[in-house]
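Structure first, then comments.
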Amino acid sequence: MPKKKQSTLRRLAFYLKDYKKTVIFLLVLITISQVASIAVPFISKILIDSLIQFIKNGGILPWTTLIYSAVGILVVSLISSITQSSYNYNLFTMVTRLEDNIKNKALGKYLQLHSLFHHGASSGQIIGRIDRGVTSIYNIAYDIIGQNFVPPIIIFLGSFTVLLYENIWIALAILIPLPIYILATRRIANKIYLIEQKSNDAFENVNKEMYDVAGNVLTVKKFSQEEIEKKNNKKLLESAREIQYSAERLWRRIENTQAVISTTGRVAVLALSAVFVLNGTATIGQFVLYITLQNMAYQPLANLGAMFTRIRRNATRVERLFNILDEQLHVTDISGAVILKPLEKQVEFEHVFFSYTNDKQWALKDINIVIPAGTTCALVGRSGSGKTTFINLLLRSYDPQKGAIMIDGVDIKTATQASLRKQIAVVPQEVDLFSRTVTENIAYGRGDVSQEQIENAARTALAHDFIIKLEHGYNTIVGERGIKLSGGERQRVGIARAVLRDPRILILDEATSHLDTESEQLITRATDALVKNRTSLIIAHRLSTVIHADKILVFKDGEIEAVGTHLQLLDSSPTYAKLHSLQFEEDESSHEHTTD
């Protein structure tokens with residue numbers, strides 16, 4: 001039976017458990033502040049009645065009452081102000097810490113999620129969802145614990161309790177409008193909640209498109225699509241706003257309903273109070289007390305309805321944030337996972353099957369291969385044949401549905417992910433760089449290296465010479481995704497990062513595929529030195545880069561068609577022979593064009 005999903009507010013309360021003492025302290029502060037506020041109209045009542053008595057009957061001016069009333073109002077006002085100020089500060093610090101805590105948890109969960117999730121999700125959409133979610137958490141927490149719920153409730157309960165003692169009819173006149181308002185606006189609030197969900201979808205789509213365009217801004221400029229993208233963004237925004245405005249129109253109905261009901265209640269209290277004074281059952285001081293308490297109760301009470309609707313609006317955004325936190329982790333460390341020792345003997349795939357969709361459409365089928373430590377193994381085959389999937393399984397980006405992947409006889413599922421990836425370095429097709437310095441990018445994942453080690457790694461990758469010519473050398477910020485560097489320069493920074501990691505297993509995924517011939521030859525020499533005494537896996541479409549590999553795996557339709565050396569595979573593998581033939585023809589054609 002599936003586990004029942006907790007409500008959004010209950011889950012927020014769970015996070016507030018860490019701030020239990022602070023919440024109790026805040027409740028004490030705000031109770032003192034509001035009780036002190038309620039005391040003011042009672043002191044005013046005593047003062048007014050004394051003055052009216054003096055005016056009617058004459059005699060000695062009630063100096064004692066005047067002085068005590070003035071001092072009393074001053075004291076309780078100061079108490080209310082000081083405790084309110086302390087309450088506001090402590091509330092703000094607590095709520096912002098709660099916001100930061102959940103935001104950090106959400107980002108941590110996002111980073112832990114499996115590769116298939118990231119392939120299917122828009123980073124702009126997810127980050128936007130996190131940002132709006134934590135902002136809504138701040139708003140909800142501030143509404144409930146802050147000025148819009150707890151203080152009004154204390155004021156209302158205090159005023160109502162006092163009025164029950166003073167005059168039950170006035171108390172009922174203040175109370176009756178509240179349930180009428182809740183019943184009148186409940187259906188509208190439900191409609192607003194549903195519309196807000198659609199509105200969130202629309203604005204997430206706007207964010208997704210904006211991130212997508214921003215990430216491909218150079219492509220936009222190359223095709224002169226600036227105006228087209230601007231118009232598309234405007235169209236998406238207008239569509240999202242129209243949904244949002246439909247909710248705002250319903251909000252207006254709630255506000256009008258609230259105004260009618262609260263005004264009726266105020267008039268009722270005013271009329272009843274006047275009747276009691278005219279009948280002689282209430283003094284002028286009591287009249288002022290009733291009206292003052294009514295205003296103190298009604299103003300915040302009128303805000304409660306809007307607050308509840310606002311909470312529901314924010315709750316839809318928080319739910320989306322919690323959906324990220326609730327996303328299932330597909331690759332996790334098992335209980336008691338071992339620390340994987342550095343590779344010494346071999347990497348083995350034993351009857352490995354893998355499907356991206358968890359069905360019988362296998363991306364890899366019955367993979368059986370042993371790669372001895374210290375050897376260079378090349379992976380070749382057409383696009384989509386399973387080469388990259390093979391590498392991702394070794395990295396534990398995914399887990400196979402069948403079979404096992406072992407390092408020195410240890411199933412990598414039983415080892416910690418950190419200890420597995422610590423001994424692997426990858427130079428991917430497109431090197432991803434952070435908008436940080438060259439030094440920070442090369443040292444990424446290694447917090448214990450010196451500048452000398454970083455520069456030595458750059459020299460090995462033939463990157464040092466171009467780095468020192470940059471504006472600030474190794475302290476140059478490379479821009480978003482390394483946009484300030486050329487493709488070849490980014491590739492060499494990625495190779496330097498792998499060199500610095502000093503891995504037992506090196507993966508070169510099309511590492512030279514984006515470089516010109518001269519740079520490729522230079523980096524090939526650098527990587528030749530790097531792969532010595534390491535287990536190296538090289539993916540390449542150009543067979544010239546893997547001819548001298550110790551072992552070549554030929555992939556076809558998710559299976560290993562053949563294993564062997566270059567010369568062996570020319571005879572035993574139709575796929576390899578065809579790839580070699582096609583590349584030989586391309587090289588010959590290129591050579592002829594060059595000589596012409």
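Within 6.0 Å of CZ in Phe92 there are 12 or fewer heavy atoms belonging to other residues, nucleotides or ligands. Around CD of Gln451, the count of heavy atoms belonging to other residues, nucleotides or ligands within 6.0 Å exceeds 12. Within a 6.0 Å radius of NZ in Lys365, other residues, nucleotides and ligands contribute more than 12 heavy atoms. The number of heavy-atom neighbours closer than 6.0 Å to CD of Gln401, taken from other residues, nucleotides and ligands shown, is above 12. Atom NZ of Lys551 has more than 12 heavy atoms from other residues, nucleotides or ligands within 6.0 Å.
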Checking side-chain contact (heavy atoms from CB on, under 4.5 Å) for the pair Arg97/Tyr19: CA distance, chi angles, key distance, verdict? CA-CA 10 Å; Arg97 284 172 184 159; Tyr19 307 93; 3.9 Å; yes
If you apply the rule side-chain contact (heavy atoms from CB on, under 4.5 Å), what do you find for Asp408 with Lys341, and how did you get there? CA-CA 9 Å; Asp408 291 342; Lys341 294 180 180 178; 6.0 Å; no
Dump the intermediate steps for side-chain contact (heavy atoms from CB on, under 4.5 Å) on Ile552 and Gln568, then the final yes or no. CA-CA 10 Å; Ile552 300 174; Gln568 290 170 340; over 6 Å; no
Could you walk me through whether His351 and Lys402 satisfy the side-chain contact (heavy atoms from CB on, under 4.5 Å) test, starting with their C-alpha distance in whole Å, then the side-chain angles of each, then the deciding distance to 0.1 Å, before giving a yes or no? CA-CA 7 Å; His351 298 293; Lys402 298 180 182 180; over 6 Å; no
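Across Arg492 and Ala463, no two heavy atoms sit closer than the pair CB-CB, 3.9 Å. Contact between Ile140 and Ala315 at its shortest, heavy atoms only, is CD1-N, 3.9 Å. Nearest heavy-atom pair, Ala240 versus Ser199, reported as atom, atom and distance to 0.1 Å: O-OG, 4.5 Å. Contact detail for Leu343 and Arg504: the closest heavy-atom pair is O-NH1, 2.8 Å. Residues Thr414 and Asp411 approach most closely at OG1-O, 2.6 Å, considering heavy atoms. Across every non-hydrogen atom of Ala458 and Ile442, the tightest pair is CB-CD1, 4.3 Å.
Between His580 and Tyr576, the two ring planes are parallel [angle under 30°; tilted spans 30° to 60°].
Checking each of Lys345, Glu348, Lys413 against Met406 for a side chain to side chain contact (heavy atoms under 4.5 Å, CB included) leaves exactly one that passes, namely Glu348.
In this structure, CD1 in Ile454 is found 10.0 Å from CD1 in Ile467, a value given to the nearest 0.5 Å. Remark: Leu500 CG to Thr460 OG1 distance equals 10.0 Å, nearest 0.5 Å. Rounding to the nearest 0.5 Å places CG of Leu236 at 10.5 Å from CZ of Phe203. With rounding to the nearest 0.5 angstrom, the CG atom of Asp550 is 5.0 Å from the OG1 atom of Thr376. Atoms OG1 and CG, from Thr22 and Leu16 in turn, are 10.0 Å apart once rounded to the nearest 0.5 Å. Once rounded to the nearest 0.5 Å, the distance linking CD of Glu489 with CG of Leu470 reads 6.5 Å.
Under a 3.5 Å cut-off, the side chain of Asp557 and the backbone N or O of Ser385 do not form any donor-acceptor pair. Glu561 places no side-chain N or O within donor-acceptor distance of the main-chain N or O of Ser573, the cut-off being under 3.5 Å. In this structure a side-chain-to-backbone donor-acceptor pair under 3.5 Å is missing from Ser581 to Ala577. In this structure, Gln491 contributes its side chain and Pro428 its backbone to a donor-acceptor pair below 3.5 Å. A donor-acceptor pair is defined here as one N or O able to donate and one able to accept, closer than 3.5 Å; such a pair exists between the side chain of Arg421 and the backbone of Arg396. Distance alone, capped at 3.5 Å, places no donor-acceptor pair between the Asn475 side chain and the Thr439 backbone.
Residue pairs that meet the ring pair (Phe, Tyr, Trp, His ring centres under 6.0 Å) test with at least one member in residues 369-392, sequence neighbours left out, are Phe349-Phe390, Phe390-Phe555. For residues 493-503, the pairs satisfying salt bridge (Lys or Arg N to Asp or Glu O under 4.0 Å) are Asp502-Arg534, with sequence neighbours left out.
A donor-acceptor contact under 3.5 angstrom links the side chains of Arg459 and Asn456, judged on distance only. Side-chain contact annotation: Tyr356 with Thr389, donor-acceptor N/O pair under 3.5 Å present.
With a 4.5 Å cut-off on side-chain heavy atoms, Val213 and Asn232 do not count as touching. In this structure, the side chains of Leu395 and Ile424 come closer than 4.5 Å at one or more pairs of heavy atoms. Side-chain atoms of Phe354 and Ile367, non-hydrogen and from C-beta on, never get closer than 4.5 Å to each other. Cys377 has its side chain within reach of Leu553: a pair of non-hydrogen atoms, C-beta onward, lies under 4.5 Å apart. Counting heavy atoms from C-beta on, the side chains of Asn233 and Glu209 never come closer than 4.5 Å. Residues Ile130 and Lys103 meet the side-chain proximity criterion, which asks for heavy atoms closer than 4.5 Å. With a 4.5 Å cut-off on side-chain heavy atoms, Leu340 and Thr416 do not count as touching. The shortest side-chain heavy-atom distance between Ile505 and Ile407 falls under the 4.5 Å cut-off.
Ion pairing between Arg446 and Asp448 holds under the 4.0 Å rule for side-chain N and carboxylate O. Under a 4.0 Å N-O distance rule, the pair Arg490/Asp432 does not qualify as a salt bridge.
With a 6.0 Å cutoff to the six-membered ring centre and a 45° limit on the axis angle, Arg11 counts as a cation-pi contact of Phe322.
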